[in-house]
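Because the structure is a prediction, the values reported are computed rather than measured. Just so we're on the same page: letters track the sequence lines, and every chain starts at 1.
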Amino acid sequence: MASVRVRFSPSPTGLLHVGSARTALFNFLYARHTGGAFLLRIEDTDVARSTQAAIDQALDVLTWLGLAFDGEPVLQSSNIERHRDAASQLVAAGHAYECYCTKDELDARNAEATAGGRPPGYDGKCRDLDEATRAARRDEGRSAAIRFRTPLDGESRFVDVVRGPVVVPWATISDFVIMRAGGAPVFYLANAVDDIDMAITHVIRGEDLLDSTHRVLAIRRALGPYDDPAYVHCPLIIGPGGHKLSKRHGAVSVEDYRGAGYLPATLVNYLALLGWSPGDDRQVMTIDELVGAFDIVDVNHAGAAFDAQKLEWMNGEHIRALRLDALIAAVEPFARARYGAAIDATPNADATLATAIALAQQRATTLVQIAEQCRFLFTSDADFEIAPESWERLVGTAQVGGLLDAVIDHCK
RNA sequence: GCCCCCAUCGUCUAGUGGCCUAGGACGCCGCCCUUUCAAGGCGGUAACGGGGAUUCGAACUCCCCUGGGGGCACCA
């Protein structure tokens, strides 16, 4: 039995969404759990929307989360020749054809169809053009896109690992573009070809791609006698109202939470529990524990609402589980950003600071809170000092938050 | 409009025919701790969407309805 090979394939068009992060996490956990490979492929075929900054950001976030991938990241755009060859192969075999319809024409016909109560989708105008007609179209100055020829009847079928058989009538899937007029491959084609080339065995992704699987699989099957990879479609992460998670609900990118003082261990832990459960009562888990308990067949079916309150509670748990030097190092960027303070991450280097942070650790839920509670130690105008012994004495009689506030008040 | 997926406390979930008068966690409420508290301790509130069917017996199986989500691009 071939070893597991999975990939995370983000499209670099913006900040990495928590939903994407969870997809990356599930792939990572499955690979590590099975001893397989976790690969990274940047799906940048949409040149207009992809940016280098987004690629760098995605890499940075994965590193921060601790989701180390195997090998070098693959840039989908670098495989463009392979995609073109595949498209040619499909055309030669009759699985695909040249389409000379323009974007405007397609939009107009789709609008017409929708208005007439008919489903949108390609109407097959160029499906059976003869060479003379194609030549005539080219003479008009038109360039061809390439469309995949889908069956007119019968049904497309594949078996999702957690959902079971998914069957859809071919009649509801119209011929779709696999190569743009400019010669750029479209997602369906690039995805199918790259998964073949990378020998991906399990495709773990969001449920929003469930329907596209029929298309990708059709291309893959038309390209050759390749075994289908196993497909796992994870439920989507939804907003508090049960609707799509959007900016309207607050933070949606991993970067947002990172900046708000959340630990990577928290995000990893929380995201893992959204759409998956270890099957027992465990809530607070380390990434290693998650790796040990994770199995793809335990992924849930229903969408999961993102609960910021539970995330905050969990962050407090992880903060408390942190060793002091690690916590100080984690707080440092926040203290510096807010108060320009540079902290020596060695506890002994500044016993007062270490004591203060240790106290704040007992009840804080974010790193930002800790930085704020200890701000009197960071700000330059705090022209007083508290001996470590004083802190220790106070710990026994006073509660942390209040103590710090009292000191801050005294400072004013 | 058409296609697909889904459905247990407010939220994340456990539960795969009897162990369920449905368990855990977050939140919420109360009490305790406490010169404040985002922490901690104890207790409490709260759910199987509706209707059929199968069965001696359904949260768990099947069907319908309702509800929610996703998709139908020369985006991914």
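Relative to the side chain of A:L236, the nucleotides B:G24, B:G69, B:C4 differ in distance, and B:G69 lies closest. Candidate nucleotides B:A76, B:C5, B:A25 were compared by shortest atom distance to the side chain of A:S212, and B:A76 ranks first. Closest to the A:N300 side chain, of the nucleotides B:C26, B:A14, B:C5, is B:A14. Picking from B:A7, B:A39, B:G10 the nucleotide with the shortest atom distance to the side chain of A:T365 gives B:A39.
Taking the six-membered ring wherever Trp is involved, the centroid distance between the rings of A:F28 and A:F38 falls below 6.0 Å. Residues A:Y30 and A:F8 keep their aromatic ring centres 6.0 Å or farther apart. Here A:Y188 and A:F176 bring their ring centres to under 6.0 angstrom of each other. Remark: aromatic rings of A:W276 and A:F294 are close, center separation under 6.0 Å.
Nucleotides B:A38 and B:G71 are separated by 42 Å at their C1' atoms, to the nearest Å. On the P atoms, B:A59 is 31 Å away from B:G27, given to the nearest whole Å. Here the separation of B:G10 from B:G49, taken at their P atoms, is 11 Å to the nearest Å. Spacing of P atoms, B:A39 relative to B:A25, comes out at 15 Å, to the nearest Å. A distance of about 27 Å separates the P atoms of B:C63 and B:U21, rounded to the whole Å. With P as the reference atom, B:C3 and B:G50 are 27 Å apart, rounded to whole Å. Distance check on atom P: B:U54 versus B:C60 gives 15 Å, rounded to whole Å. Rounded to the nearest Å, the gap between the P atom of B:G68 and that of B:C12 is 16 Å.
Contact annotation: side chain of A:Q369 to base of B:A38, donor-acceptor pair present below 3.5 Å. Looking at A:R163, its side chain has no donor and acceptor atom pair within 3.5 Å of the base of B:C5. At a cut-off of 3.5 angstrom, counting only N and O atoms as typed in the model, there is no donor on one side facing an acceptor on the other between the side-chain of A:Y122 and the base of B:A73.
Here the C1' atom of nucleotide B:G69 and the CD1 atom of A:I238 are 7 Å apart, to the nearest Å. Here B:G69 presents its C1' atom at 14 Å from CD1 of A:I237, a figure rounded to the nearest Å. The CD1 atom of A:I178 sits 15 Å away from the P atom of B:A73 (whole-angstrom rounding). When the P atom of B:C26 is taken as reference, atom CG of A:N269 falls 13 Å away, rounded to whole Å. Taking atom CG of residue A:D298 and atom C1' of nucleotide B:C12, one finds them 16 Å apart after rounding to whole Å. Remark: P of B:C72 and CG of A:D123 are 17 Å apart, rounded to the nearest angstrom. To the nearest angstrom, C1' of B:A38 lies 14 Å from CD of A:Q361. Separating the CG atom of A:D211 from the P atom of B:C72 is a distance of 8 Å, rounded to the nearest angstrom.
In this structure, A:G275 reaches the sugar-phosphate backbone alone: every heavy-atom distance under 4.0 Å involves primed, P, OP1 or OP2 atoms, never a base. If you check every strand for non-hydrogen atoms under 4.0 Å, A:E43 touches sugar and phosphate atoms only. Residue A:I173 is classed as having no contact, given no heavy-atom separation below 4.0 Å to the nucleic acid. Residue contacts shown for A:A305 are limited to sugar-phosphate atoms, with no base heavy atom under 4.0 Å away. Residue contacts shown for A:G303 are limited to sugar-phosphate atoms, with no base heavy atom under 4.0 Å away. Nucleic acid contact class of A:I146 (heavy atoms, under 4.0 Å, all strands): none. Counting non-hydrogen atoms under 4.0 angstrom, A:E207 reaches a base of the nucleic acid. Looking at heavy-atom distances under 4.0 Å, A:R205 makes no contact with the nucleic acid at all. Across all strands shown, A:A302 has heavy atoms under 4.0 Å from sugar-phosphate atoms exclusively, and none from any base. Within the 4.0 angstrom heavy-atom criterion, no nucleotide atom of any strand lies near A:V284.
With a cut-off of 3.5 Å on both pairing distances, the Watson-Crick or G-U wobble partner of B:G18 is B:C56. In this structure B:G1 sits in a base pair with B:C72, meeting the Watson-Crick or G-U test at under 3.5 Å. With both pairing distances under 3.5 Å, B:U34 is matched to nothing as a Watson-Crick or G-U wobble pair. With a cut-off of 3.5 Å on both pairing distances, the Watson-Crick or G-U wobble partner of B:G43 is B:C29.
Taking CG from A:N269 and CG from A:L311, the interatomic distance works out to 9.5 Å, rounded to the nearest 0.5 Å.
Residues A:Y100 and A:E98 have side chains that bring a donor and an acceptor to within less than 3.5 angstrom of each other. A donor and an acceptor atom, one from each side chain of A:H318 and A:T286, are nowhere located under 3.5 Å apart. Side chains of A:D60 and A:T63: no donor on one and acceptor on the other come within 3.5 Å. No side-chain N or O of A:S50 forms a donor-acceptor pair with one of A:D44 less than 3.5 Å apart.
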Item to complete: In sequence, state the C-alpha distance, the side-chain angles, and the governing distance for A:T150 and A:D175, and then conclude on side-chain hydrogen bond (donor to acceptor under 3.5 Å, both in side chains).
Response: CA-CA 5 Å; A:T150 63; A:D175 294 350; 3.1 Å; yes

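For RNA chain B, the residues of residues 10-23 of chain A within the heavy-atom distance limit of 4.0 Å (strictly under) are A:S11, sorted by number.
Residue A:L311 is the one, among A:S174 and A:L311, whose nearest nucleotide of RNA chain B lies closer to the 5' end (criterion: closest heavy atom). Ranked by how close their nearest RNA chain B nucleotide is to the 5' end, A:Q76 and A:Y270 are led by A:Y270.
A salt bridge is absent between A:D123 and A:K125; no separation between the charged side-chain nitrogens and carboxylate oxygens falls under 4.0 Å. A:R41 and A:E72 are not joined by a salt bridge, as no carboxylate oxygen comes within less than 4.0 angstrom of a charged side-chain nitrogen.
When the side-chain nitrogen and oxygen atoms of A:S9 are compared with OP1 and OP2 of B:A76, none of them lie within a distance under 4.0 Å. Under 4.0 angstrom from either OP1 or OP2 of B:C74 there lies no side-chain N or O belonging to A:R142.
In this structure, the side chains of A:M179 and A:L189 come closer than 4.5 Å at one or more pairs of heavy atoms.
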Between the protein and nucleotides 40-50 of chain B, list the N/O to N/O atom pairs that are separated by less than 3.5 angstrom.
unit_1 : atom_1 : unit_2 : atom_2 : d
B:G40  : OP1    : A:E317 : OE2    : 3.2

